[in-house]
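Because the structure is predicted, anything quoted here is derived from the model rather than measured. Order of the sequence lines sets the chain letters (A, B, ...), proteins ahead of strands, with each chain counted from 1.
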2 protein chains.
Amino acid sequence: MTEKLDSIDLTILRILQNDSKKTNKEIATALNLTISPVYERIKRLENDGYIKKYVAVLDKKLLNYPVTAICMVSLRYHNEGFIDKFEQQIKELPEVQECYHMAGKVDFFLKINMKSLDHYHDFVRLKLSNISNIGVLESYFVLKEIKQSTEYVI
Amino acid sequence: MTEKLDSIDLTILRILQNDSKKTNKEIATALNLTISPVYERIKRLENDGYIKKYVAVLDKKLLNYPVTAICMVSLRYHNEGFIDKFEQQIKELPEVQECYHMAGKVDFFLKINMKSLDHYHDFVRLKLSNISNIGVLESYFVLKEIKQSTEYVI
DNA sequence: GGTGAAACCTCGCTGTC
DNA sequence: GACAGCGAGGTTTCACC
C-alpha cells in the first residue's frame, strides 16, 4: 500500500476520472513526462485501489429510463441484524443505483431508475414491499437532473 | 440517429458500463462475433450518444473524502428565472456531485463529498449560503455507503 | 523515479462477401 | 451487416541512468 500521492498522481487521477480513454502518451505529454512513469503510476494507482474501476457512462434518456426516484426508507426495527439484512437485500436489487445509510430520522436514501411510473409502481409493490422491516417509505420524483458526476475535487 | 438497439448493442452496453477496459476482442469473443462489427457498433453507440463518456471511478475513502452529505434545498421564490439561476450556480460548484430538481415539497436534492465536517461547514457557510434564494436547507449525513453505481438495468 | 527503445498486441480502417 | 487482414499506434517490459 502507498502512503501518499504526489501532485503527479493527483493530476493523473484528475484526468482519468474525467476521461479514462486518454492514452498514456497524452497524459505523459500533459505532465511533461515519458510514457513509462505514467504507465507505472497508473498501474500502482489501480493496484492500491485508488482507481476502483473503469466504466462507460450511458445516457439514461436515450435508453428509455426517464423516471428517477429518490426513496427515503425508515426501518421498523434497528437491531444490527435487521439493518444488515436490509442492506443485503437492497444490494441485490439492480434497479437501486445508489443506497446510503443515513444519520438521523430517515434511515436510508435510495436512488432508483425506471422506464415508467408504472414500472416504479410495480417495483415498490413487488420488490421493495417484499423486504420486511420497512416502516416508512417516501418517494420523491426527479423533475430534472441538474448534475450527475462521479468526480471528486482532488 | 439510430432508432432502436438490438440485443447485441445492449450486451455491448452492459459490458462497457461495468468495465470499459474490455477490449473489442474480448467483447467479440463473448458475443461470438469478430472484432469489426463490435468496433463499428461501439463507434455508433458513441456517436449516437448512448455512451456519454468513459471515466475512472476513484475510491472516496482512500482519497480522504469520507464525508458525504445529502442536502435538501427549498427555494424562496419559484419563478423560472430564479430556478435557472440556482441551477446555474449549483453546476459551478465542483463539490456538488449530484443535483436533482424534485417534484414535491423539497425543490432540490444535492449530494456533496467533503474531507471533513469542518470542510462541510465552510462549504455551507461560504458557498451555499452565497446562493441567494435558498429558503430551507437541511443536511443529512451518510453513515455508510451501501451501494453506488452508474449502471442501468438494460 | 525517470528515460528510451524493443516486442507485442489491439485498434482502426479498407476492401470483400 | 459481418469477415479478413494490414499498418499505425498504444501497451508493456527492461536495461540503463
Side-chain angles (χ1 to χ4, degrees), chain A residues 1-59 61-65 149-154, chain B residues 1-65 150-154:
Chain A
M1 278 293 159
T2 323
E3 311 76 31
K4 247 341 212 180
L5 302 178
D6 64 15
S7 73
I8 296 176
D9 290 326
L10 290 176
T11 305
I12 291 174
L13 290 176
R14 249 177 244 124
I15 292 171
L16 290 179
Q17 74 173 341
N18 179 256
D19 179 7
S20 62
K21 286 292 182 192
K22 283 256 158 68
T23 63
N24 292 344
K25 194 180 178 182
E26 289 174 300
I27 297 170
T29 305
L31 283 162
N32 273 82
L33 280 175
T34 52
I35 296 171
S36 307
V38 172
Y39 169 76
E40 274 153 24
R41 280 166 180 270
I42 292 175
K43 272 285 156 293
R44 197 191 69 231
L45 292 167
E46 288 170 1
N47 290 335
D48 290 354
Y50 290 96
I51 298 172
K52 290 203 288 187
K53 62 193 306 197
Y54 296 95
V55 304
V57 180
L58 308 186
D59 190 294
K61 288 261 172 59
L62 284 178
L63 291 169
N64 203 25
Y65 278 78
S149 151
T150 54
E151 292 184 41
Y152 300 105
V153 193
I154 57 175
Chain B
M1 280 293 158
T2 324
E3 311 76 31
K4 247 346 217 172
L5 303 177
D6 64 18
S7 74
I8 295 176
D9 291 326
L10 290 176
T11 304
I12 290 173
L13 290 176
R14 248 178 245 124
I15 292 171
L16 290 178
Q17 74 172 340
N18 180 257
D19 179 6
S20 62
K21 286 291 181 193
K22 283 256 157 70
T23 62
N24 292 346
K25 194 180 178 180
E26 289 174 299
I27 298 170
T29 305
L31 282 162
N32 271 82
L33 280 174
T34 52
I35 296 172
S36 306
V38 172
Y39 167 76
E40 275 154 25
R41 280 166 181 271
I42 292 176
K43 271 284 157 292
R44 197 191 69 230
L45 292 167
E46 288 170 1
N47 291 334
D48 290 355
Y50 289 96
I51 298 172
K52 289 203 288 188
K53 62 191 307 196
Y54 296 95
V55 304
V57 181
L58 308 186
D59 189 294
K60 184 158 53 183
K61 287 260 172 62
L62 284 178
L63 290 168
N64 203 25
Y65 278 79
T150 54
E151 292 183 39
Y152 301 104
V153 193
I154 56 175

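For A:Lys21, the NZ atom counts as densely surrounded, since its 6.0 Å shell holds more than 12 non-hydrogen atoms of other residues, nucleotides or ligands. Under a cut-off of 6.0 angstrom, the local environment of NZ in B:Lys60 is crowded, with over 12 non-hydrogen atoms contributed by other residues, nucleotides or ligands.
Checked against side-chain hydrogen bond (donor to acceptor under 3.5 Å, both in side chains), B:Thr23 has the following partners two or more places apart in sequence or in another chain: B:Glu26.
To the nearest angstrom, C1' of D:dG1 lies 16 Å from CD1 of B:Ile42. Look at CZ on A:Arg44: it is 7 Å from P on C:dG1, rounded to the nearest Å. With rounding to whole Å, B:Leu45 atom CG is found 12 Å from D:dG1 atom P. Summarising the geometry, the separation between CG on B:Leu33 and C1' on D:dC3 is reported as 10 Å, rounded to the nearest angstrom. Distance, B:Ile27 CD1 to D:dA2 C1': 16 Å, rounded to whole Å.
Of the side-chain N and O atoms in B:Arg41, one or more sit less than 4.0 angstrom from OP1 or OP2 of D:dA2.
To the nearest 0.5 Å, the span separating OG on A:Ser7 from CD1 on A:Ile12 amounts to 9.5 Å.
Side chain of B:Ile8, nearest nucleotide from C:dG2, D:dA2, C:dT3: D:dA2.
Within the 4.5 Å cutoff, the side chain of A:Ile15 has no heavy atoms near those of the A:Asp19 side chain.
A salt bridge links A:Glu46 to A:Lys43: one of the charged nitrogens lies within less than 4.0 Å of a carboxylate oxygen.
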| note | In 5'-to-3' order, the base (B), backbone-only (S) or no-contact (-) status of each nucleotide in nucleotides 10-17 of chain D, using a 4.0 angstrom heavy-atom cut-off, is SSBB----
